[in-house]
Each structure stands twice: as C-alpha cells, then as structure tokens.
Amino acid sequence: MPRKAEGVLKLSRKLISLSWNPRNLYHLATRTALFTAKQKTLFQHIWKAKRDTRGYHNAEITERQWLRMFNDQLPSLNVKLGDRGSHPNAASLMYAPMERRIDFIVFRSHFASSIWMARQMIAHGKVKLNGKPFAFPSHRVKDGDVVSVDPEAVTTLVKPGSGSEVLDFKPQPYQQPWMFIPEYLEVNYNTCSTIFMREPLTKPHNTEVPSPYPPNFHALAYKFYNRRGRTRK
C-alpha cells in the first residue's frame with residue numbers, strides 16, 4: 001500500500017476513500033451518523049462535511065489544486081428529466097471536475113484497486129490517452145477522449161496457467177461494493193478502454209457523481225469552499 005494511502009486509510013481517521021481496501025467497508029459499516037453529539041454548531045457541520053467529502057475525493061490533490069478546479073457556479077438542473085423538486089441538491093456535483101481526471105477514470109473503470117494504484121499505473125506508462133502514452137494523472141480529459149490501459153496492468157486480469165495469451169478475470173477481495181460504472185463513462189473490458197462521454201448530471205432522486213455521502217452533506221462542503229474561493233479571489 002502506498003504511504004499516502006496508509007495515512008488516509010488509518011482506522012482512527014474514519015475516512016472513506018477511493019480504494020477497495022476493507023477498511024473502507026469497516027468505516028461504512030460502523031458509521032452511525034454524519035455528525036457526533038459534540039458537533040452542534042453550523043461551522044462544525046460545515047467543517048465535518050468538507051473533511052469527509054475531500055477525504056473521499058482525494059487522489060493526493062492539494063487544497064490549492066482543488067480550489068483551481070472548484071467552480072462556485074453549480075450546473076443548472078435539467079427539468080426535462082423531472083421537476084425541480086425531484087432532483088437532489090446540485091452541490092452533489094461540486095466534485096464533478098475531478099471525475100475528468102485520468103486517475104479517477106482508471107479507478108472508476110475498475111482497472112485499478114485504488115486511486116493511488118491508478119496514479120502509479122499512469123506514471124509508469126501503462127495508460128494511454130487517445131492511443132498515445134500519457135503520464136500525467138492529474139490531466140482532465142475532454143468529452144469523447146479515450147483512456148486505455150495495458151491489460152497486463154489491470155488488477156483483475158491474470159495470466160492463465162495454461163499459457164494462453166488470453167488473460168483470465170480474477171475477482172479481488174472486497175471489490176464488489178465498487179463494481180458499478182458511472183453513466184458518464186463507457187467502459188469496454190474487451191479492450192481495457194474507457195470513453196469519457198460527458199459531464200456528470202443530476203437526475204430525479206439521483207446524482208451521477210459517486211459518493212458515500214448524501215447531497216445535502218455535499219451542500220455543507222460547498223458552503224465552505226464557496227466562501228473560501230471568494231475570499232481568495
């Protein structure tokens with residue numbers, strides 16, 4: 001486990017992160033409430049929401065880097081997909097810019113068991129962008145860009161004992177809760193490639209940006225960064 005991941009996944013921190021590590025399941029199973037009995041003020045709630053949501057959308061992104069990505073203008077709701085009241089809080093999309101990063105795409109596509117493993121694969125030349133080698137994990141792709149991974153680097157593919165060139169699928173422990181694909185990605189497991197289709201959206205009673213936290217919890221984190229972003233400007 002990378003040193004960065006070891007720090008984030010400490011049991012004492014109780015942070016849920018982008019990893020198939022069983023500690024994430026432990027944190028989810030033992031979480032009883034979003035706030036403790038001592039966290040009563042609005043500022044304490046806002047700080048807790050900021051801490052937990054940033055802990056999940058991590059990938060070694062500093063606060064300065066995140067503030068450059070942060071957009072205080074949240075996307076408008078598509079009322080064609082349902083009335084305004086049926087959509088979750090638009091603040092649930094505040095981390096949508098991160099979903100364009102290549103390391104996030106590699107992890108969301110199940111080619112890596114953690115965001116840190118995805119970054120290592122990219123840095124070691126195992127990932128291509130639009131057919132060309134690309135070694136910058138923080139790069140944000142455009143709509144229609146294709147991210148492909150060397151099949152031998154995919155964490156769930158192994159060489160068969162028969163000596164065949166066709167790799168076998170081998171499930172990894174504790175990966176099942178993460179085996180979903182966001183609607184803005186189109187993944188082809190035959191070619192180990194993913195197309196980034198479009199920006200994540202909200203839909204009636206659902207938001208496309210994966211998160212273990214509810215939209216209203218993200219709204220509190222948005223208040224923190226909206227205030228901080230304006231101060232920095």
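In what follows, residues are counted from 1 in the order of the sequence shown. All values below were derived from every heavy atom in this structure, side-chain atoms included, with hydrogens, water molecules and symmetry-related copies excluded.
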Student: Could you give me the CA-CA distance, side-chain angles and deciding distance for F35 and L220, then say whether side-chain contact (heavy atoms from CB on, under 4.5 Å) is met?
Tutor: CA-CA 12 Å; F35 307 106; L220 291 171; 3.7 Å; yes
Student: What is the minimum heavy-atom distance between H110 and Y189, and which atoms define it?
Tutor: ND1-OH, 2.7 Å
Student: Apply side-chain contact (heavy atoms from CB on, under 4.5 Å) to residues Q120 and K126 and explain how you reach the verdict.
Tutor: CA-CA 9 Å; Q120 289 181 343; K126 304 299 183 180; over 6 Å; no
Student: Do other residues, nucleotides or ligands put more than 12 heavy atoms under 6.0 Å from the NZ atom of K48?
Tutor: yes
Student: Are any side-chain N or O atoms of D145 and backbone N or O atoms of K142, one a donor and one an acceptor, separated by less than 3.5 Å?
Tutor: yes
Student: For the pair Q65 and S138, evaluate side-chain contact (heavy atoms from CB on, under 4.5 Å) and give the outcome as yes or no after the intermediate values.
Tutor: CA-CA 10 Å; Q65 290 173 319; S138 62; 5.7 Å; no
Student: Looking only at heavy atoms, what is the nearest atom pair of V158 and K170, with distance?
Tutor: CG2-CB, 4.0 Å
Student: Are V149 and M117 connected into the same hydrophobic cluster when the rule is that any two of I, L, V, M, F, W, Y join if their side-chain heavy atoms are below 4.5 Å apart?
Tutor: yes
Student: Is it the case that the side chain of R51 and the backbone of R54 share a donor-acceptor pair, with hydrogens and angles ignored and the cut-off at 3.5 Å?
Tutor: no
Student: So that I can tick it off, tell me whether E199 and R100 are bridged by a salt bridge, with the cut-off set at under 4.0 angstrom between side-chain N and carboxylate O.
Tutor: yes
Student: Return the OG1 to CG distance between T53 and L15, rounded to the nearest 0.5 Å.
Tutor: 10.0 Å
Student: Spell out, yes or no, whether L93 and L185 are grouped together once hydrophobic residues are joined by side-chain heavy atoms under 4.5 Å, including indirect joins.
Tutor: no
Student: Is there a donor-acceptor pair closer than 3.5 Å between any side-chain N or O of Q172 and the backbone N or O of T155?
Tutor: yes
Student: So which atom in P160 and which in L167 form the shortest heavy-atom distance, rounded to 0.1 Å?
Tutor: CD-CA, 4.2 Å
Student: I'd like to know whether CZ of F136 has more than 12 heavy-atom contacts from other residues, nucleotides or ligands below 6.0 angstrom.
Tutor: no
Student: Assess whether a salt bridge exists between R227 and D72, defined as any Lys/Arg side-chain N lying under 4.0 Å from an Asp/Glu carboxylate O.
Tutor: no
Student: Treat each ILVMFWY residue as a node, draw an edge where side-chain heavy atoms are under 4.5 Å apart, and state whether W47 and L67 are in one component.
Tutor: yes
Student: Mind checking whether W66 and Y225 have parallel, tilted or perpendicular rings, split at 30° and 60°?
Tutor: perpendicular
Student: With side chains defined as the heavy atoms from C-beta onward, is the minimum distance between C192 and L157 less than 4.5 Å?
Tutor: yes
Student: Are P97 and N71 close enough that some pair of their side-chain heavy atoms sits under 4.5 Å apart?
Tutor: no
Student: Heavy-atom count around Y213 OH within 6.0 Å, excluding the residue itself: above 12?
Tutor: yes
Student: Donor-acceptor pair, distance only, cut-off 3.5 Å: does the side chain of E183 make one with the backbone of I181?
Tutor: no
Student: Decide if atom NZ of K50 counts as having more than 12 heavy atoms of other residues, nucleotides or ligands within a radius under 6.0 Å.
Tutor: yes
Student: So if I apply the side chain to side chain contact (heavy atoms under 4.5 Å, CB included) rule between V127 and each of D150, D103, I102, which one comes out positive?
Tutor: I102
Student: Same cluster for V146 and F104 if Ile/Leu/Val/Met/Phe/Trp/Tyr side chains link at under 4.5 Å?
Tutor: no
Student: Take atom CH2 of W178 as the centre, draw a 6.0 Å sphere, and report whether it contains more than 12 heavy atoms from other residues, nucleotides or ligands.
Tutor: yes
Student: Counting C-beta onward and ignoring hydrogens, is there a side-chain heavy-atom pair between P182 and P210 closer than 4.5 Å?
Tutor: yes
Student: Looking at P88 and K203, what are the two nearest heavy atoms and their distance?
Tutor: CD-O, 3.2 Å
Student: Could you see if V147 belongs to whatever hydrophobic cluster contains V209? Use Ile, Leu, Val, Met, Phe, Trp, Tyr and a side-chain cutoff under 4.5 Å.
Tutor: no
Student: Return yes if some donor-acceptor pair links the side-chain N/O of E208 with the main-chain N/O of L201 below 3.5 Å, else return no.
Tutor: yes
Student: Please test M69 against Y95 for side-chain contact (heavy atoms from CB on, under 4.5 Å), starting from the C-alpha separation and ending with a verdict.
Tutor: CA-CA 9 Å; M69 285 187 278; Y95 292 109; over 6 Å; no
Student: Check S193 against F111 and note the closest heavy-atom contact, atom names and distance.
Tutor: N-CZ, 3.7 Å
Student: So do K132 and N130 actually touch side chain to side chain, heavy atoms under 4.5 Å?
Tutor: no
Student: Using modelled atom types and a 3.5 Å cut-off, is there a donor and acceptor pairing between side-chain atoms of N58 and backbone atoms of S17?
Tutor: no
Student: How close do A153 and M121 get, heavy atom to heavy atom, and via which atoms?
Tutor: O-CE, 3.8 Å
